[in-house]
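Comments concern the structure below.
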There are 2 protein chains.
Amino acid sequence: MNNKGFSIGQVAKQARVNVETVRFYEREGLIQRPERDTGMYRQYAPEIISRIKFIRRSKNLGFSLKEVRELLDLRRIPGTECGEIKQRFQEKITELDKKIEDLIRIKTVLAELANACNGVGSLDFCSVRESLEAQVDQDR
Amino acid sequence: MNNKGFSIGQVAKQARVNVETVRFYEREGLIQRPERDTGMYRQYAPEIISRIKFIRRSKNLGFSLKEVRELLDLRRIPGTECGEIKQRFQEKITELDKKIEDLIRIKTVLAELANACNGVGSLDFCSVRESLEAQVDQDR
DNA sequence: CTTGACTCTGTAGTATAGTACGGAGTATAT
DNA sequence: ATATACTCCGTACTATACTACAGAGTCAAG
């Protein structure tokens with residue numbers, strides 16, 4: 001080993017995933033194939049850790065790995081004009097705004113449910129229903 | 001058929017899922033078993049549609065069906081005090097806030113990436129790296 | 001009273017996202 | 001030099017969340 005970088009084990013530990021997941025992400029094209037040291041061990045630059053965390057965060061927010069890959073690949077579509085790239089980014093940002101809205105909506109439902117519980121014991125089902133119904137016809 | 005309610009097909013169509021999914025959610029305890037008509041067909045009250053949409057929205061935001069079930073079951077844990085229920089809701093709301101923060105963070109990354117693209121052609125990788133790195137050590 | 005659309009139950013199949021494992025090589029500490 | 005820990009590759013297994021039948025019953029229209 002000529003240690004000019006992180007080993008896969010170190011990366012996995014710091015990104016709080018396991019080693020197999022790092023290799024899995026590599027196979028799936030979510031992270032680049034790293035350099036290898038003399039003994040064929042993977043050598044990672046520290047940036048990989050934030051990248052893996054980014055992937056995990058995105059996944060945690062309901063993006064599929066395919067979507068995350070698209071997100072990360074936006075910046076280097078060969079032969080694509082800057083304007084077009086910006087356009088695509090804008091679309092993604094709009095998607096994110098929609099998700100944020102949805103989260104706020106769910107939060108509102110929960111807050112209402114929590115408040116509906118005023119007396120002792122069980123909850124008034126009517127208010128639950130109202131909270132849920134307020135969500136109708138948002139469609140998607 | 002004695003039509004005092006929606007059929008499973010009508011519900012599925014309105015909630016934009018397919019019929020099998022409605023039955024699947026029933027099996028998984030995410031929606032209640034509905035009344036049956038004379039011919040053993042399921043009869044749904046209109047509220048079911050908003051409930052299914054709520055489930056879908058939550059899923060789209062990275063909650064597992066198990067988590068959604070927990071969310072929906074919060075309001076009727078037998079023998080649980082109101083204060084405790086409220087406490088649990090508060091925990092969930094805190095989780096949601098975290099997700100909202102994460103989304104905003106991802107949005108920031110994308111916005112920065114979009115801006116990094118100023119000239120013509122490919123993007124400056126440094127700014128990409130910076131954007132990603134700004135995310136480090138948020139840990140989860 | 002039959003045709004076609006819909007529903008029933010149950011089981012099997014699929015896609016996604018990992019996770020585990022076997023057998024072998026590599027590195028380091030004693 | 002040898003035990004222990006780490007890594008390699010490839011394949012197999014798992015959980016989650018659907019999705020697709022198969023074979024039978026139900027319903028409404030013509």
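Here is how names work: the chains are called A, B, and so on, in the same order as the sequence lines, proteins then strands, and each is numbered from 1.
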### Message
Once hydrogens and angles are ignored, does a donor-acceptor distance under 3.5 Å link the base of C:dT7 to the side chain of B:Tyr41?
### Response
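Not at all, since no donor on one side and acceptor on the other fall under 3.5 Å apart.
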So does [X] get a side-chain nitrogen or oxygen closer than 4.0 Å to the phosphate oxygens (OP1/OP2) of [N]?
X: A:Thr38; N: C:dT26; result: no
X: A:Ser7; N: D:dT7; result: yes
X: A:Arg42; N: D:dC9; result: yes

Among the candidates [options], find the nucleotide nearest to the side-chain atoms of [X].
X: B:Glu20; options: D:dC27, D:dT19, C:dA20; value: D:dT19
X: B:Arg27; options: C:dT26, C:dT7, D:dT19; value: D:dT19
X: B:Arg36; options: D:dC8, D:dC27, C:dT9; value: C:dT9
X: B:Asn18; options: D:dA17, C:dT19, D:dT19; value: D:dT19
X: A:Arg23; options: C:dA27, C:dT9, D:dC9; value: D:dC9
X: B:Arg56; options: D:dC18, C:dG18, D:dT19; value: D:dC18
X: B:Phe24; options: C:dC8, D:dC8, D:dC18; value: D:dC18

### Task
Map B:Ile55 and A:Met40 onto DNA chain D by nearest heavy atom, then report which one ends up closer to the 5' terminus.
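Looking at DNA chain D, the more 5' nearest nucleotide goes with A:Met40.
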#### Entry: Lys/Arg-Asp/Glu bridge criterion (N-O < 4.0 Å) met for A:Lys92, A:Glu70
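Salt bridge flag = yes for A:Glu70 with A:Lys92.
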### Query
Got a salt bridge between B:Arg105 and B:Asp102, using NZ or NE/NH1/NH2 to carboxylate O under 4.0 Å?
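Between B:Asp102 and B:Arg105 there is a salt bridge, with a charged N closer than 4.0 Å to a carboxylate O.
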### Non-hydrogen atoms of A:Leu72 and A:Leu30 that approach each other most closely
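A:Leu72 and A:Leu30 have their closest heavy atoms at CD1-O, 4.0 Å.
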#### Entry: Shortest non-hydrogen contact from B:Asn18 toward B:Ala12
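Shortest heavy-atom separation between B:Asn18 and B:Ala12 comes out as C-CB, 3.9 Å.
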### Query
D:dT19 C1' sits how many Å from B:Ile8 CD1, rounded?
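Rounded to whole Å, this separation is 14 Å.
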